[in-house]
**Q** 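Sending over a structure as structure tokens; questions will come in a sec.
Letters go in sequence order (proteins before strands), and every chain restarts at 1.
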Number of protein chains: 2
Amino acid sequence: MTKQKESDPKFADENTSLIPQLTLDCIILGFHNNQLRVLLLRWKNTQEWSLPGGPVRQNESVNAAAQRILKERTGLDQIFLQQFHVFGEVERYNRAEIQEKLKLIFDPNLWYERAVSIGYYALVDYSSVTPTPDAYTDECQWWDIQDIPKLLFDHNHIIQVALQALRHQLSWQPIGYNLLPHEFTLPELQKLYETILDRKLDPRNFQRKLLGLGILERLPTRRKGGAHKSPYLYRFDKEKYEAGLKEGNLFFI
Amino acid sequence: MTKQKESDPKFADENTSLIPQLTLDCIILGFHNNQLRVLLLRWKNTQEWSLPGGPVRQNESVNAAAQRILKERTGLDQIFLQQFHVFGEVERYNRAEIQEKLKLIFDPNLWYERAVSIGYYALVDYSSVTPTPDAYTDECQWWDIQDIPKLLFDHNHIIQVALQALRHQLSWQPIGYNLLPHEFTLPELQKLYETILDRKLDPRNFQRKLLGLGILERLPTRRKGGAHKSPYLYRFDKEKYEAGLKEGNLFFI
DNA sequence: CCAAAAGTGTTGGCTATACACCCATGC
DNA sequence: GCATGGGTGTATAGCCAACACTTTTGG
């Protein structure tokens with residue numbers, strides 16, 4: 001029940017033969033204008049949106065497949081990627097409904113009756129992404145996490161599960177390191193945390209806590225431009241941050 | 001590269017047709033004599049051990065497949081089961097080595113070149129398990145987690161990843177609820193935590209912490225038998241424990 | 001000069017940790 | 001009676017949460 005075009009025998013060769021009935025779905029998250037945003041695809045000749053994803057090839061690992069999909073949709077390599085859940089229900093969506101919504105492009109022979117999907121979320125620097133649609137879609141675009149429309153398949157559900165996993169990881173993974181540009185201000189980092197956690201944080205406590213981890217480096221420059229006091233710029237000190245992660249003594253918020 | 005006997009066409013029907021190249025591996029954990037133990041299977045006519053596992057049928061969810069395997073190997077229903085990782089490398093083990101080790105029973109036609117495996121761990125009450133081998137194995141037996149032999153496939157690695165996931169969940173999931181009998185003593189619970197975390201805990205602090213959660217109920221009886229003061233018996237107060245879990249304010253150790 | 005946002009310290013309560021002795025039981 | 005393990009309290013330090021005012025900047 002998920003696209004399998006490349007597994008059609010006429011497409012099969014060593015490079016493109018696929019593991020049947022196994023797919024990936026990728027929740028690609030960025031942060032822009034103090035909003036968490038997710039990359040969605042619009043299917044050809046429809047107004048139907050879904051998550052990026054795709055099959056796993058016979059000659060690549062599941063993680064490599066996720067990296068490949070990410071690279072294709074964003075142009076980025078070396079993305080922070082996290083497997084978070086396997087969606088293995090027998091009926092993950094209503095086949096008739098999908099057939100109706102995708103009637104212009106739906107060929108029953110190219111769809112599995114059932115597919116198991118491995119969910120990954122990816123954290124990327126919004127500003128360095130070049131959103132790119134795939135062979136089935138016309139458009140690839142960022143959506144604010146609050147404004148996501150009704151998606152195809154069980155993709156709204158998958159996003160909810162991804163956000164839960166992200167919140168959970170927020171306390172022991174350096175989310176900000178992956179979602180922000182190299183240089184950022186503490187108010188920006190705080191907004192990111194507030195957005196993911198969906199609650200306000202106290203700026204004094206936040207700064208004390210984050211700076212206390214010893215993984216942030218204050219730069220000599222400040223960010224100019226707002227009609228207000230200019231904030232300091234920071235960057236993650238990669239070595240200290242990785243050392244802290246290894247010892248497992250980084251606890252955020 | 002994993003058994004697929006049931007997917008051989010002559011076995012296929014609606015009940016047994018399988019999702020190809022997708023398997024489960026189950027780390028079934030129990031606690032006995034102050035030791036964490038894991039259930040392993042010995043392959044027919046060999047001295048080779050591996051984890052219980054198997055394929056997913058076309059008409060069952062992945063979680064249901066895990067429950068089914070658990071039921072078959074332990075006799076238990078309604079087990080605490082947790083998906084923890086997908087093992088999706090292309091070469092998860094050395095095919096020649098497996099062929100040699102299982103030469104008496106290895107039929108290349110019945111094995112996939114490659115399979116992706118979903119790892120589950122299960123926490124069970126040791127004393128209520130009836131270990132039962134499957135069609136490929138002669139013996140099903142508990143092994144102390146410290147004494148596990150070299151296993152087939154990548155199963156030693158899978159166990160290590162499962163234990164990491166378990167340690168991580170220990171801080172926000174009520175592990176003891178699933179691994180101990182209904183009635184247990186606080187020293188037993190403490191030993192369980194010490195075993196999983198692999199460090200000593202202070203008994204005074206442990207008791208204050210656990211009893212402070214308000215999810216344990218002290219029974220009027222004590223456990224007799226040791227050459228020493230008889231300890232109190234406790235049981236989990238299921239309602240309070242589930243209420244606490246929902247509110248997310250249970251933090252263990 | 002005003003509006004908007006950034007930067008900064010102190011306190012009180014709570015939680016985690018460290019630490020040692022007496023008690024009950026079976027042999 | 002003795003060896004074994006169980007049960008219990010207190011003191012300290014560190015952490016977290018609550019709280020408001022001053023500074024800088026652009027317009």
**Q** Among the nucleotides dT17(C), dC16(D), dA17(D), which one has an atom lying closest to any side-chain atom of Asn205(B)?
**A**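 When the side chain of Asn205(B) is considered, dT17(C) is the closest of dT17(C), dC16(D), dA17(D).
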
**Q** By the definition side-chain hydrogen bond (donor to acceptor under 3.5 Å, both in side chains), identify the one residue from Gln169(B), Gln83(B), Gln82(B) that meets it with Tyr121(B).
**A**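 Answer after filtering Gln169(B), Gln83(B), Gln82(B): Gln169(B).
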
**Q** Can you tell me the distance, in whole Å, between the CG atom of Leu216(A) and the C1' atom of dG7(C)?
**A**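 To the nearest whole Å, that distance equals 16 Å.
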
**Q** Give me the ring orientation class for His155(A) and Phe153(A): parallel if the planes are under 30° apart, tilted from 30 to 60°, perpendicular past 60°.
**A**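 It falls in the tilted class, 30° to 60°.
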
**Q** Send over the distance from Leu213(B) CG to dA16(C) C1', rounded to a whole Å.
**A**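 In whole Å, dA16(C) C1' and Leu213(B) CG are 14 Å from each other.
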
**Q** Provide, to the nearest angstrom, the distance between the CZ atom belonging to Arg204(A) and the P atom belonging to dT23(D).
**A**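 It is 16 Å, rounded to the nearest whole Å.
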
**Q** Among Leu39(A), Val129(A), Ile28(A), Thr74(A), which residue satisfies the side chain to side chain contact (heavy atoms under 4.5 Å, CB included) criterion with Cys140(A)?
**A**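 Going through Leu39(A), Val129(A), Ile28(A), Thr74(A) one by one, the side chain to side chain contact (heavy atoms under 4.5 Å, CB included) with Cys140(A) is satisfied by Leu39(A) alone.
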
**Q** Kindly indicate whether the side chain of Arg208(B) and the base of dT17(C) share any N or O donor-acceptor pair separated by less than 3.5 Å?
**A**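 Looking at the base of dT17(C), it does pair with a donor or acceptor on the side chain of Arg208(B) (distance under 3.5 Å).
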
**Q** May I have the distance from Leu210(B) (atom CG) to dT17(C) (atom P), rounded to whole angstrom?
**A**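 After rounding, the reported distance stands at 13 Å.
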
**Q** Please report whether the ring centroid of His168(B) lies less than 6.0 Å from that of His168(A).
**A**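 Yes.
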
**Q** Expressed in angstrom and rounded to an integer, what is the separation of Leu201(A) atom CG from dA6(C) atom C1'?
**A**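 About 16 Å, once rounded to whole Å.
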
**Q** Rounded off to whole Å, could you give me the NZ-to-P distance for the Lys200(A) and dA18(D) pair?
**A**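 Spelled out: NZ on Lys200(A) to P on dA18(D) is 15 Å.
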
**Q** Please tell me if Lys209(A) has a side-chain N or O lying less than 4.0 Å from either OP1 or OP2 of dC15(D).
**A**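 For dC15(D), neither OP1 nor OP2 has a side-chain N or O of Lys209(A) closer than 4.0 Å.
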
**Q** What is the distance from CD of Gln190(A) to P of dT8(C), rounded to the nearest Å?
**A**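 Those two atoms, CD and P, are 13 Å apart.
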
**Q** Take atom NZ in Lys150(A); do more than 12 heavy atoms of anything else shown fall under 6.0 Å from it?
**A**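 Yes, enclosed.
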
**Q** Using a heavy-atom cut-off of 4.0 Å across all strands, would you classify Arg218(A) as base, sugar-phosphate, or nothing?
**A**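 Answer is sugar-phosphate: Arg218(A) comes under 4.0 Å of backbone atoms only.
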
**Q** Distances for protein N/O vs nucleotides 3-6 of chain D N/O pairs under 3.5 angstrom?
**A**
residue : atom : partner   : partner atom : Å
dT4(D)  : O2   : Ala227(B) : O            : 2.7

**Q** Does a sphere of radius 6.0 Å around NZ in Lys240(A) hold more than 12 heavy atoms from other residues, nucleotides or ligands, not counting ones at 6.0 Å or beyond?
**A**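 Counting neighbours around NZ of Lys240(A), 12 or fewer heavy atoms of other residues, nucleotides or ligands fall under 6.0 Å, so no.
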
**Q** Round to a whole Å and report the spacing from CG of Asp202(A) to C1' of dT8(C).
**A**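 The answer, rounded to whole Å, is 11 Å.
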
**Q** Any non-hydrogen side-chain atom of Phe84(B) less than 4.5 Å from a side-chain atom of Ile27(B)?
**A**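 A side-chain contact exists here, since the closest heavy-atom pair is under 4.5 Å.
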
